[in-house]
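Below, chain A is the first sequence line, B the second, and so on; all start at residue 1.
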Amino acid sequence: MAITAIRGFNDILPSEIGKWQFVEKMAREVFENFGFSEIRIPVLERTELFARGIGEATDIVEKEMYTFADKSGNSLTLRPEATASMARAYLEHQLYTFDPVAKLYFIGPMFRYERPQKGRYRQFYQIDAEVFGVGNPVVDAEVILMLIHFLRRVGLEKLELQLNSLGCRSCRPRYKEGLKADLDEKSFQLCEDCQRRLQSNPLRIFDCKVQTCQDAIADAPKVIDFICDECASHFDKVKEYLGIAGLDYHLTPRMVRGLDYYTRTAFEVVSYDLGSQNAVTGGGRYDNLFQEIGGLDVPGIGFAIGMERLISLLPKDREFIQYPHLFIASPGKETHREAYRLANQLHVEGIRAEFDYEGKSLKSQMRRADKLKARYVLILGEEELKKGRAVLRDMQDKSQQELPMPDIVETLKRKVFGH
RNA sequence: GUGAGUGUAGCUCAGUCGGAUAGAGCACUGGGUUGUGGCCCCAGUGGUCGAGGGUUCGAGUCCCUUCACUCACCCCA
């Protein structure tokens, strides 16, 4: 094999594509019912946008970005996520002059330079939805509701919605100090990584899988015990609105998020069928992002769904492939031309028809029709064709009928479209 | 970036203690039926044994190096 795709970049083959098309179609349908509009953003942005938006100290910016200089020396980066670009577009095109509230969604590939593993690839696809311009907790709930509705629509069950509040710029630093003070006393039982995290980002210790670290942090203070009155009230309202909608959630005080811009509401949907990378989707509120990249003070909230992870959870028994309605078998040179002509006519009529390209035997053509799972086969026999007739075979019940050629298109339409 | 595991036909795999021409099933092509699919039967195509080096009379098998893939860590969707 001469040339292969590069590490972490995958082909999505025809046998899989039906699932992708289905998921994208459902996302568009559901999100648009909730009043969201699609936006399309560039694959490349100035590196600065992500460095400032996502945060210089995050793993994404520090070590996971595809960054390079273009021919004029500008530092460009393949987008590692969509939110910063969408916020940039909102500001750049001043969408707030039409309506301060913008409800946007985006579907497309993201790029992060990480070692691939199950559910993680260097090019991976996200479905992203964001609401800009509303700080009211009712949209936090609405966005989560839409997300859960979408996941159910595509057939996912056994999901767990995890919910937390991360506080804001005024109360989170206070919490970090409190946490740090508590853990400083037990730092001897923290692993090497967590010793480092204690200084750089103590919240991350919650994610550590080392048992002694988990023991150390078990009775550590929680974010929600430290958040300010405004954040607490916001969080209460979110929970209240979710309750009104009858949505179950798990409070996960230990869930933290890796991007700097998150504030207040944070959520994840996890599935235990996914392996180590168990988050199907994650999101939250980010009331500081806009100021980081542009100066305007615009609140935002949204989520990103990992499409590969979502697709791996789709019900297995569902059929996503469209098989041909008809295979036209043409044993003999005379009939081959008629097969070609008829197939083209049927395509125009909306019937998926295949025919033999290589002058193979009838047996061989029948085998191919069977392999392609064609529902019907039209056999263009030399003798029948001379009389202006052909044989239509139903591959499921094996029944055959001989029809006059002029009736064939209408007969097929009736059988295929059922009227 | 770190760790572990795996590399033999398109796919899933077997290949004994280092021994002769590297096998099976599935898939593919053709035939058994001169014009009828699936099941069955027969035949055929298909291999740099991941790559390079070493040990040996002899390497798919042992050793070294390297590459790829997979899973996990870090972190995220």
Undergrad: List the steps, then state whether side-chain hydrogen bond (donor to acceptor under 3.5 Å, both in side chains) holds for A:Gln123 with A:Tyr125.
TA: CA-CA 7 Å; A:Gln123 174 173 333; A:Tyr125 290 77; 2.9 Å; yes
Undergrad: Working to the nearest 0.5 Å, report the span between NZ of A:Lys118 and CG of A:Asn278.
TA: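 If we round to the nearest 0.5 Å, A:Lys118:NZ and A:Asn278:CG are 12.0 Å apart.
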Undergrad: Which part of the nucleic acid, if any, lies within contact of A:Val377, taking any heavy atom under 4.0 Å across all strands shown: a base, the sugar-phosphate backbone alone, or nothing?
TA: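 Contact class for A:Val377: none.
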Undergrad: Is A:Glu32 paired with A:Arg28 through a side-chain N to carboxylate O contact shorter than 4.0 Å?
TA: no
Undergrad: Please table the atom pairs, donor to acceptor, closer than 3.5 Å between any side-chain atom in residues 280-294 of chain A and protein atoms at least two apart or in another chain.
TA:
residue, atom, partner, partner atom, Å
A:Thr281, OG1, A:Ala304, O, 3.0
A:Arg285, NE, A:Asp140, OD1, 3.2
A:Arg285, NE, A:Asp140, OD2, 3.1
A:Arg285, NH1, A:Val134, O, 3.2
A:Arg285, NH1, A:Asp287, OD1, 3.1
A:Arg285, NH2, A:Val134, O, 3.2
A:Arg285, NH2, A:Asp140, OD1, 2.5
A:Tyr286, OH, A:Glu130, OE1, 2.2
A:Asp287, OD1, A:Gly300, N, 3.4
A:Asn288, OD1, A:Arg169, NE, 3.3
A:Asn288, OD1, A:Arg169, NH2, 3.1
A:Gln291, OE1, A:Arg169, NH2, 3.0

Undergrad: Could you pick out which residue, A:Val256 or A:Ser364, lies toward the 5' side of RNA chain B when each is mapped onto its nearest nucleotide?
TA: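 Result: A:Ser364.
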Undergrad: So A:Lys373, base contact, sugar-phosphate only, or nothing? Heavy-atom distance under 4.0 Å.
TA: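 No contact at all - A:Lys373 keeps every heavy atom at 4.0 Å or more from the nucleic acid.
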Undergrad: What I want to find out is whether A:Glu177 reaches A:Lys180 closely enough, with some N-O distance under 4.0 Å, to be called a salt bridge.
TA: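 Answer for the salt bridge query: no.
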Undergrad: Please check if atom CD in A:Gln322 has more than 12 non-hydrogen atoms from other residues, nucleotides or ligands closer than 6.0 Å.
TA: no
Undergrad: Which part of the nucleic acid, if any, lies within contact of A:Gln365, taking any heavy atom under 4.0 Å across all strands shown: a base, the sugar-phosphate backbone alone, or nothing?
TA: nothing
Undergrad: Reckon A:Glu268 touches a base, only the sugar-phosphate, or nothing at all at heavy-atom distances under 4.0 Å?
TA: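 Touches nothing.
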Undergrad: Taking only nitrogen or oxygen atoms into account, show me every contact under 3.5 Å that the protein makes with nucleotides 36-40 of chain B, one pair per line with its distance.
TA:
residue, atom, partner, partner atom, Å
B:rU36, O2, A:Gln400, OE1, 2.8
B:rU36, N3, A:Gln400, OE1, 2.9
B:rU36, N3, A:Gln400, NE2, 3.4
B:rG37, O2', A:Asp370, OD2, 3.1
B:rG37, N7, A:Arg393, NH2, 2.9
B:rG37, O6, A:Arg393, NH2, 2.7
B:rG37, N1, A:Met395, O, 2.5
B:rG37, N2, A:Asp370, OD1, 3.1
B:rG37, N2, A:Met395, O, 3.1
B:rG37, N3, A:Asp370, OD1, 3.1
B:rG38, O4', A:Asp370, OD2, 3.1
B:rG38, O6, A:Lys398, NZ, 3.1

Undergrad: Could you spell out the base pairing of RNA chain B as a dot-bracket line? Use Watson-Crick and G-U wobble contacts where both distances are under 3.5 Å, [ ] for crossing pairs, | for partners on a different strand.
TA: (((((((..((((.....[...)))).(((((.......))))).....(((((..]....))))))))))))....
Undergrad: What does A:Ala304 touch in the nucleic acid at a heavy-atom separation under 4.0 angstrom: a base, only the sugar-phosphate, or nothing?
TA: sugar-phosphate
Undergrad: Is the gap between the ring centers of A:Phe36 and A:Tyr105 under 6.0 Å?
TA: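 Aromatic pair excluded; centres sit 6.0 Å or further apart.
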Undergrad: Just how far is it from atom CD of A:Gln365 to atom CD1 of A:Ile328, taken to the nearest 0.5 Å?
TA: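 It is 10.5 Å, given to the nearest 0.5 Å.
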Undergrad: Taking 4.0 angstrom as the limit, do A:Lys413 and A:Glu410 come out as a salt bridge?
TA: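 Looking at A:Glu410 together with A:Lys413, the answer is yes, because their closest N to O distance falls below 4.0 Å.
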Undergrad: Write down the distance separating the C1' atoms in B:rU6 and B:rC49, rounded off to the nearest Å.
TA: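 Comparing C1' positions in B:rU6 and B:rC49 gives a spacing of 15 Å.
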Undergrad: Does A:Gly332 reach a base, just sugar-phosphate, or nothing at all? Heavy atoms under 4.0 Å.
TA: nothing
Undergrad: Can you work out whether A:Arg115 or A:Lys118 has the more 5'-proximal nearest nucleotide on RNA chain B?
TA: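 With A:Arg115 and A:Lys118 compared, the 5'-side residue is A:Arg115.
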